[in-house]
Amino acid sequence: MHEGCSGKFQNGKQIVDKVRAMGFSNQYLPMAFSITCVDCGNTFEMSTFEDKCPQCNMVYGVTPCHAFDPDNVKAAGNNY
């Protein structure tokens with residue numbers, strides 16, 4: 001699942017699981033991303049490697065290796 005920065009993830013749950021396993025969930029991103037929630041359409045600021053939509057609790061994750069581009073942020077599920 002993870003091969004340095006070249007690792008590929010099939011879905012957002014795998015990304016969030018990896019971020020949690022590495023202990024990066026609550027660490028701040030190099031720069032915050034403006035995210036439009038895929039579930040409710042709310043726009044919010046994602047500031048940590050794992051974050052959630054404050055309106056519907058959709059959980060999002062991005063790995064440290066891919067935190068340079070908001071296109072790498074993936075949804076893992078509501079209250080995941």
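We're numbering straight along the sequence, starting at 1. Please read these numbers as outputs of a predicted model, since none were measured by experiment. Hydrogens, waters and symmetry mates play no part in the numbers below; they use all other heavy atoms, side chains included.
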Practice task
Is it possible for you to say whether F49 and V16 belong to one hydrophobic cluster, with membership spreading through side-chain heavy-atom contacts below 4.5 Å?
Solution key: no
Handout entry: Linked, directly or transitively: Y28 and M31 (ILVMFWY side chains, under 4.5 Å)
Key = no
Completion exercise
So OH of Y60 and SG of C37: to nearest 0.5 Å the spacing works out to 3.5 Å
Exercise for the section: Look up atom CD1 in I15 and atom NZ in K8, then write down how far apart they are to the nearest 0.5 Å. Expected result: 11.0 Å
Handout entry: Same cluster (ILVMFWY, side-chain, under 4.5 Å), V62 and Y80
Key = no
Exercise for the section: Start with the C-alpha gap between Q27 and T48, add the side-chain angles, then the distance that decides, and say whether side-chain contact (heavy atoms from CB on, under 4.5 Å) holds. Expected result: CA-CA 5 Å; Q27 292 189 18; T48 54; over 6 Å; no
Practice task
Flag yes if V38 and V73 sit in one hydrophobic cluster, no otherwise; membership is Ile, Leu, Val, Met, Phe, Trp, Tyr, and two members link when side-chain heavy atoms are under 4.5 Å apart.
Solution key: yes
Exercise for the section: For N26, look at atom CG and say whether over 12 heavy atoms of other residues, nucleotides or ligands are found less than 6.0 Å away. Expected result: no
Exercise for the section: Go through the steps for M22 and K18 under the test side-chain contact (heavy atoms from CB on, under 4.5 Å), then give the verdict. Expected result: CA-CA 6 Å; M22 294 169 59; K18 186 62 180 177; 3.6 Å; yes
Exercise for the section: Could you tell me the separation between the CD1 atom of I35 and the OG1 atom of T43, rounded to the nearest 0.5 Å? Expected result: 9.5 Å
Practice task
Check whether V59 and V19 end up in the same hydrophobic cluster, where Ile, Leu, Val, Met, Phe, Trp and Tyr are linked by side-chain heavy atoms less than 4.5 Å apart.
Solution key: no
Practice task
Indicate yes or no for a side-chain donor-acceptor contact from N72 to the backbone of H66 under 3.5 Å, with no hydrogens or angles considered.
Solution key: yes
Practice task
Kindly compute the distance separating OG (S25) from CD (E50), expressed to the nearest 0.5 Å.
Solution key: 4.0 Å
Practice task
Any chance you could lay out the side-chain contact (heavy atoms from CB on, under 4.5 Å) test for D51 and S47, step after step, and finish with the verdict?
Solution key: CA-CA 7 Å; D51 212 339; S47 59; 3.9 Å; yes
Exercise for the section: Working to the nearest 0.5 Å, report the span between OG1 of T63 and NZ of K74. Expected result: 11.0 Å
Handout entry: Ring centres under 6.0 angstrom apart (F33, F68)
Key = no
Problem - Donor-acceptor contact below 3.5 Å, side chain N78 vs main chain C56 - result: yes
Problem - Shortest non-hydrogen separation from T36 to G41 and the atoms involved - result: CG2-O, 3.6 Å
